[in-house]
Amino acid sequence: MNYSIETENLSLWYGDFQALIDVNVKIPDGQITSLIGPSGCGKSTLLRCFNRVNERYGNVTTRGKIEVLGKNIYDSDVSLPELRKAVGMVFQRPNPLPISVYENILFGLRIHSSMGSLTRTECDQIVEEALTSVFLWDDLKDRLKVRATSLQLEQQQKLCIARLLPLKPKIILMDEPCSALDAKGTLAVEELMEALAGTYTFLIVTHNMAQARRVSKECIFMFLGKLIEHRETQALFQTPEHPKTADYVQMRYG
Amino acid sequence: MNSLMSRPNPKQKFALQSIALLTLGVVSLLVWNVLKKTYLSDVQVSSVARVSDPVPNLLGDIYFFLSISFLGVLLGITCAFYLEEWLPETNWVRCLIEGQVSILSGVPSLLYGLLVVTVFLPYSGAFQRTQGFPPAGDLNTASLQVSSFQGDTTLFYIAVLTFVLLVVPRVIKATQEALRSVPIPMRESAYALGANRWQVLTKHVVPLSLPRVIAGACRAMSCALAVSALFIGIYISGYTIQPGRMSGRFALFLGAALVLSIFSSFLSQRYPLASTRHT
């Protein structure tokens with residue numbers, strides 16, 4: 001099996017506080033892996049390591065090795081824009097840019113290509129493809145000029161996924177993608193993830209264990225900055241090896 | 001997040017536009033009246049023509065306004081962008097400047113007048129050229145004397161410099177607030193798509209915060225124009241405050257104030273009263 005992401009003894013500090021302690025993890029290609037654990041256990045931090053958005057906070061120290069698509073992302077020759085192009089990210093609250101739906105989808109492409117290199121027909125085609133693959137085209141094809149922030153939350157979140165696609169990422173990181181959505185929206189986004197799972201590698205952080213069970217093939221349990229257990233989802237939920245995992249998945253706390 | 005994106009609805013828009021038009025109408029009527037009185041008839045408003053003539057004063061105001069808006073607003077906005085977007089929060093330069101800005105934006109405008117009287121005017125040599133202030137008592141002589149100042153362009157530069165000093169901290173504050181109002185998720189989404197800092201700034205932060213930046217700059221400018229009445233204060237204060245070079249005691253107080261303000265800006269960084277940071 002091929003792995004999209006591999007870490008070796010990854011530790012991370014926010015100032016003096018150690019948020020990740022010697023994490024070793026291998027995320028397999030082309031499937032959905034979920035990260036679960038109580039709040040503050042480092043799930044989001046781990047997720048944010050993989051496209052290096054953590055570094056924006058200034059007081060972050062990272063030690064260890066992270067290989068994304070076979071390349072150590074802390075090598076000096078790694079370009080951050082290229083890394084973030086290959087590793088897309090979807091956030092907790094849908095955060096489309098306050099511009100039109102059309103421009104939202106092209107935003108990523110525009111910042112990565114030189115001015116004027118995209119023709120109008122190319123743009124139209126890209127937008128249509130991206131929206132079709134997130135099942136939004138039929139809803140939005142007549143409203144492409146509408147400000148993206150005026151859409152329903154569910155549509156906004158799908159749009160946030162859609163705008164990654166023109167960049168042709170390999171990996172999509174999702175930080176609690178459904179926590180701001182209602183049941184219907186959650187279901188729609190989950191269906192979307194399942195539909196896209198073959199093409200992209202998904203890594204999702206979720207507080208919703210039912211969701212982890214439904215969508216993911218493998219599941220990772222984290223506790224206080226340590227990776228406790230990483231197994232097939234069904235096995236992890238039915239026969240957890242570690243007592244902490246058992247406590248958590250059987251809702252005894254957390 | 002929503003307040004930033006909300007647009008006035010058609011009714012509000014109509015109301016705002018009519019208020020703006022009404023204001024414009026009233027102002028242009030006033031200006032027209034003034035012009036008609038002075039230029040379209042033979043009536044002179046005052047015997048001291050150069051001082052009371054509205055057109056040079058109006059032009060002077062416009063020229064003055066343009067100069068301070070160009071210098072002050074440009075400097076303020078650049079400064080705020082540098083502080084907010086480039087310097088990390090723990091940087092000592094940022095901490096020092098932010099402290100000073102907070103203090104300066106709270107300084108009453110009269111003190112700027114005192115600064116002009118005690119520092120700028122004496123050291124610029126404007127007094128030597130006009131033999132000091134006129135004796136107290138005769139207002140007519142005073143206005144004549146003021147008019148004799150008018151040919152001196154140094155005074156104009158002094159005024160502009162003072163007002164730039166007055167405007168810059170306010171513009172910096174307003175711009176910083178505007179930049180902080182851009183929601184973090186908005187920035188993060190752009191960064192996560194691989195935008196670099198410059199792209200995030202130009203395509204994202206600037207368009208989002210521009211309305212607030214402009215509003216802040218306008219507020220600072222109108223505040224500056226309002227206190228330009230302080231010029232009168234300067235001329236009148238000439239009777240009570242003897243203009244002269246900084247005395248030893250004044251320098252001592254100035255030094256003490258400077259030390260205290262620097263000290264307090266570091267202290268406020270260490271023990272912030274209210275967290276205005278967005279991270």
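Quick note on labels: first sequence line is chain A, next is B, and so on, each numbered from 1.
- Among the residues in residues 194-201 of chain B, those with a non-hydrogen atom closer than 4.5 angstrom to a non-hydrogen atom of chain A are B:Gly194, B:Ala195, B:Gln199.
- Heavy-atom contacts from other residues, nucleotides or ligands closer than 6.0 Å to CG of A:Asp16 number 12 or fewer.
- Between A:Pro96 and B:Met186, the closest heavy-atom pair is O-CE, 3.5 Å.
- For the set A:Asn59, A:Leu97, A:Leu164, the count of heavy-atom pairs under 4.5 angstrom toward chain B peaks at A:Leu97.
- Note: A:Asn95 CG to B:Ile184 CD1 = 11.5 Å, rounded to the nearest 0.5 Å.
- A:Lys145 NZ: more than 12 foreign heavy atoms inside a 6.0 Å radius.
- Listed here is the closest heavy atom pair of B:Ser189 and A:Phe91: CA-CE1, 3.9 Å.
- No more than 12 heavy atoms of other residues, nucleotides or ligands shown are found within 6.0 angstrom of CZ on B:Phe14.
- The two residues B:Leu193 and A:Arg84 have their closest heavy-atom pair at C-CB, 4.5 Å.
- There is no contact between A:Arg52 and chain B, counting heavy-atom distances below 4.5 Å.
- More than 12 heavy atoms of other residues, nucleotides or ligands lie within 6.0 Å of CZ in A:Phe135, so this atom counts as buried by the packing criterion.
- No more than 12 heavy atoms of other residues, nucleotides or ligands sit less than 6.0 Å from atom NZ of A:Lys168.
- Counting all heavy atoms, side chain and backbone alike, A:Phe107 lies closest to B:Lys203 at CE1-CB, 4.1 Å.
- We find the CD-CZ distance between B:Glu188 and A:Arg93 to be 14.0 Å, quoted to the nearest 0.5 Å.
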